[in-house]
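Quick one: the structure is below, questions incoming.
Naming: A, B, ... by sequence-line order, numbering from 1 per chain.
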Amino acid sequence: MRWSHAFIPTLRDDPADAEAVSHRLLVRGGFIRQLAAGSYSILPLGQRVRLKIIEIIRQEMDAIGGQEVVLPTLHPADIWRRSDRYDLMGENLFKLKDRKGVELVLGMTEEEIFAILASELSSYRDLPQIWYQIHTKFRDEPRPKSGLLRVREFTMKDSYTLDVDRPGLDAGFDLHHAAYRRIFARMGLETTDVQASSGAMGGTESVEFIVRSEAGEDWIVTCTGCGYRANVEKAVSALDAVDDGPPGSIERFPTPGLRTIADLAAAHPDVAAPERQIKTLVYFVDGEPTLVLLRGDHELQEQKLLDATGAAAVRPAHPEEIRDLLGADPGSLGAVGVEGIPVIADVALRGRVNMTTGANEDDWHYRGVDVARDIDVGVWADLRSVTSGEPCVDCASPLELWKGIEVGHIFKLGTKFSEAFGAYVQDEDGVNRPIIMGSYGIGVERAMAAIVETSHDDRGIIWPVSVAPFEVVVTVLRADDPATLAAAEDLDRRLRDAGLDVILDDRPERPGVKFADAELVGIPFRITVGPRGLEGGSVELTVRRGMGTEELGVDEVVARLTELVEDGRAAAGG
RNA sequence: CGGGCUGUGGCGCAGUUUGGUCAGCGCACCUGCUUUGGGAGCAGGGGGUCGCCGGUUCGAAUCCGGCCAGCCCGACCA
């Protein structure tokens with residue numbers, strides 16, 4: 001490839017609306033252009049990277065016995081109604097109609113379609129199966145952001161395991177777990193596998209692959225002492241015991257003007273330290289008002305509420321709704337004596353006595369509350385968010401909280417979809433059993449952005465050799481000098497013959513422009529060919545990562561680069 | 001969906017407060033000459049319904065109203 005004929009629209013200035021590093025560099029480097037919010041054109045350079053990522057994924061999927069298919073993205077809405085996800089996915093699901101008025105949806109994952117195909121299987125002898133595809137998914141994200149990190153149309157590798165029993169599912173899950181480790185390592189991503197909530201997709205065991213990055217949107221909890229690691233949506237921690245003193249009787253007391261946990265604690269330190277208060281939140285859980293109880297100094301983790309209730313959606317009640325339900329404003333709310341509204345409480349409140357909580361009358365609270373005696377808790381669940389420094393439940397070491405990008409997710413789905421779509425096989429006893437499914441995803445463009453987030457410097461992107469748009473750039477200084485150009489062209493040809501992915505920068509630009517572009521675009525190795533070096537029969541090799549340089553005789557170049565590139569390809573990140 | 005901000009040649013911006021003299025600057029682009037190991041210089045040149053619609057006015061990028069789009073911060077996911 002000659003740079004002079006390539007469409008590589010690099011920009012000198014940062015795009016004004018790009019905040020995230022990967023967004024900025026991918027736009028500046030001419031890899032992508034935005035069409036609309038969450039909608040990006042992938043330019044030639046971007047496509048080269050994308051294809052290399054896809055190829056790594058494909059190789060590793062094939063290596064665990066995966067069979068590649070391509071399924072439609074346009075689905076009849078009825079299919080999504082049958083799996084119950086038409087409503088469950090809510091606004092995130094793109095919905096449309098055809099000319100006849102038939103309702104359609106654009107696939108956001110494709111468990112349904114795979115389950116329909118799986119219904120053609122009829123014997124346990126046909127199992128296990130691993131099926132996968134790599135193509136477009138649509139999600140009507142409420143807030144696309146950060147370039148390729150969160151978009152509405154993207155490429156996903158989604159795979160599905162089909163098994164007759166739990167051990168089979170476990171095996172398929174483990175195969176994917178190992179394959180994902182190899183896939184991310186090969187593309188130069190350091191990932192942490194963490195326990196996660198499986199969310200609206202249903203299922204049980206669920207593991208996310210997270211790349212540590214400030215640009216990420218997930219909060220991860222890891223133990224500094226043992227191997228415990230989990231998404232905050234799922235993470236748990238130990239708590240120090242709180243001394244409540246002997247149980248007492250419940251008593252109303254006036255609290256004029258005290259609206260927050262902190263205010264109340266400050267005014268009544270004897271009975272209302274935050275850990276002695278019960279925080280009462282009003283939520284609508286699938287439309288049903290529900291009281292959510294937490295210790296005063298704890299925060300609700302909404303995903304845990306979703307998981308505990310099995311609801312599709314939860315939202316905090318509005319102030320007017322709260323007044324209608326409880327007769328008081330936030331600040332004086334409580335669950336004591338409340339009837340007709342279900343109460344779900346965090347397990348940290350279990351067995352607590354002498355607690356303080358709102359009396360559902362503005363400016364009044366109760367003290368001496370015995371949770372077991374005074375509150376009708378319908379469901380106990382872990383609902384609170386873990387915070388940094390709390391002790392690990394396994395080893396009591398302090399927990400760490402950090403931000404990351406979710407690049408992959410694997411989970412054990414179960415039989416929800418196979419039952420909905422009649423995907424049953426007969427086992428060896430002739431009994432019909434629903435196929436047990438696992439579901440596994442990788443976001444291709446998100447992985448690309450994550451690589452940039454974690455591998456760049458102030459000059460630009462530093463691509464790992466394995467996914468670089470080109471492995472080598474041959475930079476010609478004085479492209480107008482026939483002898484220099486001829487030498488560079490000869491080098492370019494020999495490198496390509498050796499199987500390297502090379503671009504020849506033959507543009508009639510000044511050296512500074514070419515160096516800056518090569519570094520911005522992030523090509524791992526640069527060979528600089530100039531008249532000065534050629535006089536002595538040498539060229540210069542610059543390694544993008546670290547910018548180290550060495551002089552090479554023209555005859556040594558092919559061997560040296562072949563060695564470097566092959567090391568890079570194999571080194572899972574180069 | 002709530003909150004904050006922004007829409008002016010391909011990119012980055014000024015101009016809007018105080019309506020006219022305003023369509024401008026840098027980069028990029030085209031032509032010529034010089035230059036050539038870290039984003040060159042000189043000269044000449046092309047390109048913009050100032051997000052859209054409506055209003056006020058003799059006159060609107062600028063004032064008013066409505067709409068649309070994009071970015072960032074909070075609730076969702078690969």
Report each atom pair, protein N/O against N/O of nucleotides 5-13 of chain B, whose distance is under 3.5 angstrom.
| residue | atom | partner | partner atom | Å |
| --- | --- | --- | --- | --- |
| B:G12 | OP1 | A:A16 | N | 3.0 |

Report task. Send over the distance from A:I405 CD1 to B:A78 P, rounded to a whole Å. Result ->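 Rounded to whole Å, this separation is 15 Å.
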Query raised in the report: To the nearest angstrom, how far is A:E406 atom CD from B:C77 atom C1'?
Result: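 Value for this atom pair: 6 Å.
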Query raised in the report: A:Y440 and A:K412: side-chain donor and acceptor closer than 3.5 Å?
Result: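 Per modelled atom types, A:Y440 and A:K412 side chains form no pair under 3.5 Å.
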Requested in this report: Remember a base hit wins even if backbone is also touched, and classify A:E91 as base, sugar-phosphate or nothing at under 4.0 Å, heavy atoms.
Outcome: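 A:E91: no heavy atom of the nucleic acid under 4.0 Å.
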**Report entry** Sugar-phosphate, base or nothing in reach of A:A516, heavy atoms under 4.0 Å
**Finding:**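 Answer is base: heavy atoms of A:A516 come under 4.0 Å of a base.
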Query raised in the report: Using a cut-off of 4.0 Å on non-hydrogen atoms, how would the nucleic acid contact of A:E208 be classed: base, sugar-phosphate, or nothing?
Result: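 Since no nucleic acid heavy atom lies under 4.0 Å of A:E208, the category is nothing.
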Query raised in the report: Which distance, rounded to the nearest 0.5 Å, do you find between the CD1 of A:I462 and the CD1 of A:I451?
Result: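 Taking CD1 in A:I462 and CD1 in A:I451, the distance rounds to 13.0 Å.
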Query - Side-chain N or O of A:Q34 closer than 4.0 Å to phosphate OP1/OP2 of B:C71 - result: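 Yes, because at least one side-chain N or O of A:Q34 sits under 4.0 Å from OP1 or OP2 of B:C71.
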Query raised in the report: Base, sugar-phosphate alone, or nothing: which one does A:V513 contact when heavy atoms must sit under 4.0 Å apart?
Result: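 Answer is base: heavy atoms of A:V513 come under 4.0 Å of a base.
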**Report entry** Those residues that, when tested against A:Y160, pass ring pair (Phe, Tyr, Trp, His ring centres under 6.0 Å) (two or more places apart)
**Finding:**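 For A:Y160 the ring pair (Phe, Tyr, Trp, His ring centres under 6.0 Å) partners, ignoring immediate neighbours, are A:F114.
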Query raised in the report: When rounded to the nearest Å, what value does the distance between C1' atoms of B:U62 and B:U56 take?
Result: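 To the nearest whole Å, 13 Å.
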Requested in this report: Check whether any side-chain N or O of A:D505 sits under 3.5 Å from a backbone N or O of A:W3 as a donor-acceptor pair, and report yes or no.
Outcome: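 No, because the side chain of A:D505 does not come within donor-acceptor range (under 3.5 Å) of the backbone of A:W3.
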Query raised in the report: When all nucleic acid strands are considered with a 4.0 Å heavy-atom cut-off, which category describes A:S146: base, sugar-phosphate, or nothing?
Result: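 Result for A:S146 = sugar-phosphate.
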Query raised in the report: Roughly how far apart, to the nearest Å, are B:G51 and B:C5 at atom C1'?
Result: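 Their C1' atoms lie roughly 16 Å apart.
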Query raised in the report: CD of A:E153 versus P of B:C77: gap in Å, rounded?
Result: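 To the nearest whole Å, that distance equals 20 Å.
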Report task. For RNA chain B, determine which residues of residues 19-30 of chain A have any heavy atom closer than 4.0 angstrom to one of its atoms, and list them numerically. Result ->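 Only A:E19, A:R28 qualify.
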Query raised in the report: Hey, does A:V211 reach any base, or is it just sugar-phosphate, or nothing, if we go heavy atoms under 4.0 Å?
Result: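 The answer is nothing, as A:V211 stays clear of every strand by at least 4.0 Å.
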Requested in this report: Might you confirm whether atom CD of A:E299 has over 12 heavy atoms from other residues, nucleotides or ligands at distances under 6.0 Å?
Outcome: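 No, CD of A:E299 has 12 or fewer neighbouring heavy atoms, counting only those of other groups under 6.0 Å.
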Query raised in the report: For residues 525-535 of chain A, which residues have at least one heavy atom under 4.0 Å from RNA chain B?
Result: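 Per residue number, the list reads A:R526, A:T528, A:G530, A:R532, A:G533.
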**Report entry** B:C71 to B:C30 separation - P atoms, rounded to the nearest Å
**Finding:**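 Going atom to atom, P in each nucleotide, I get 31 Å.
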Query raised in the report: So, does A:H176 use its side chain to make a donor-acceptor pair with the main chain of A:G172 at under 3.5 Å?
Result: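 Answer holds: yes.
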**Report entry** ring pair (Phe, Tyr, Trp, His ring centres under 6.0 Å) partners for A:H318, two or more places apart
**Finding:**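 Applying ring pair (Phe, Tyr, Trp, His ring centres under 6.0 Å) to A:H318 gives none.
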Query raised in the report: Is any NZ, NE, NH1 or NH2 atom of the basic residue among A:D158 and A:K137 found under 4.0 Å from an Asp or Glu carboxylate oxygen of the other?
Result: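 Looking at A:K137 together with A:D158, the answer is yes, because their closest N to O distance falls below 4.0 Å.
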Requested in this report: Would you indicate what A:A18 reaches in the nucleic acid, counting non-hydrogen atoms under 4.0 angstrom: base, sugar-phosphate, or nothing?
Outcome: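 Here A:A18 touches no strand at all.
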**Report entry** Separation between CD of A:E233 and CD1 of A:I220, rounded to the nearest 0.5 Å
**Finding:**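 Rounded to the nearest 0.5 Å, the CD-CD1 separation comes out at 8.5 Å.
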**Report entry** B:C73 phosphate, OP1 or OP2, under 4.0 Å from A:K145 side-chain N/O
**Finding:**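 A:K145 to B:C73 OP1/OP2: side-chain N or O found under 4.0 Å.
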Requested in this report: Check every strand shown and say whether A:Q301 touches a base, only sugar-phosphate, or nothing at a heavy-atom separation below 4.0 Å.
Outcome: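 Touches nothing.
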Query raised in the report: Is there a donor in the side chain of A:R85 and an acceptor in the side chain of A:T109, or the other way round, less than 3.5 Å apart?
Result: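 Note: A:R85 and A:T109 side chains meet the donor-acceptor criterion.
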Query raised in the report: Got more than 12 heavy atoms from elsewhere within 6.0 Å of CD, A:E321?
Result: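 Yes - once you tally the heavy atoms of other residues, nucleotides and ligands closer than 6.0 Å, there are more than 12.
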Report task. Please give the nucleotide sitting opposite B:U56 as a Watson-Crick or G-U wobble pair, both distances under 3.5 Å, or none. Result ->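 Paired with B:U56, as far as the under-3.5 Å criterion goes, is no nucleotide at all.
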Side-chain atoms of residues 43-50 of chain A: list all donor-acceptor pairs with protein atoms under 3.5 Å, sequence neighbours left out, distances to 0.1 Å.
| residue | atom | partner | partner atom | Å |
| --- | --- | --- | --- | --- |
| A:Q47 | OE1 | A:R50 | NH1 | 3.0 |
| A:R48 | NE | A:P469 | O | 2.7 |
| A:R48 | NH2 | A:D501 | OD1 | 2.8 |
| A:R48 | NH2 | A:D501 | OD2 | 3.4 |
| A:R50 | NE | A:T155 | OG1 | 3.3 |
| A:R50 | NE | A:E445 | OE2 | 3.1 |
| A:R50 | NH2 | A:T155 | OG1 | 3.1 |

Query raised in the report: When you compare B:A23 with B:G48, how far apart are their C1' atoms, in angstrom units rounded to a whole number?
Result: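 That atom pair is separated by 8 Å.
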**Report entry** Any A:R510 side-chain N or O less than 4.0 Å from OP1/OP2 of B:A40
**Finding:**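 For B:A40, OP1/OP2 do have a side-chain N/O of A:R510 under 4.0 Å.
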Requested in this report: With heavy atoms under 4.0 Å as the rule, sort A:D218 into base, sugar-phosphate or nothing.
Outcome: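 Since a base atom lies under 4.0 Å of A:D218, the category is base.
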Query raised in the report: If we call it a pair only when both distances are under 3.5 Å in a Watson-Crick or G-U wobble match, what pairs with B:G32?
Result: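 Its partner is B:C42.
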Query raised in the report: Just wondering, are more than 12 heavy atoms of other shown residues or ligands nearer than 6.0 Å to CD in A:E190?
Result: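 Atom CD in A:E190 is not packed in, count stays at 12 or less.
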**Report entry** Sugar-phosphate, base or nothing in reach of A:R152, heavy atoms under 4.0 Å
**Finding:**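 Result for A:R152 = nothing.
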Requested in this report: Using the P atom as the reference point in each nucleotide, state the distance between B:A40 and B:U35 in Å, no decimals.
Outcome: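 Looking at atom P only, B:A40 and B:U35 are 16 Å apart.
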**Report entry** A:F154 aromatic ring stacked with six-membered ring of B:A78, 5.5 Å and 30°
**Finding:**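 It does: the ring sits over the base of B:A78.
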Query raised in the report: Expressed in whole Å, how much space separates the C1' atoms belonging to B:A61 and B:U6?
Result: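 Pairwise C1' distance, B:A61 against B:U6, rounds to 15 Å.
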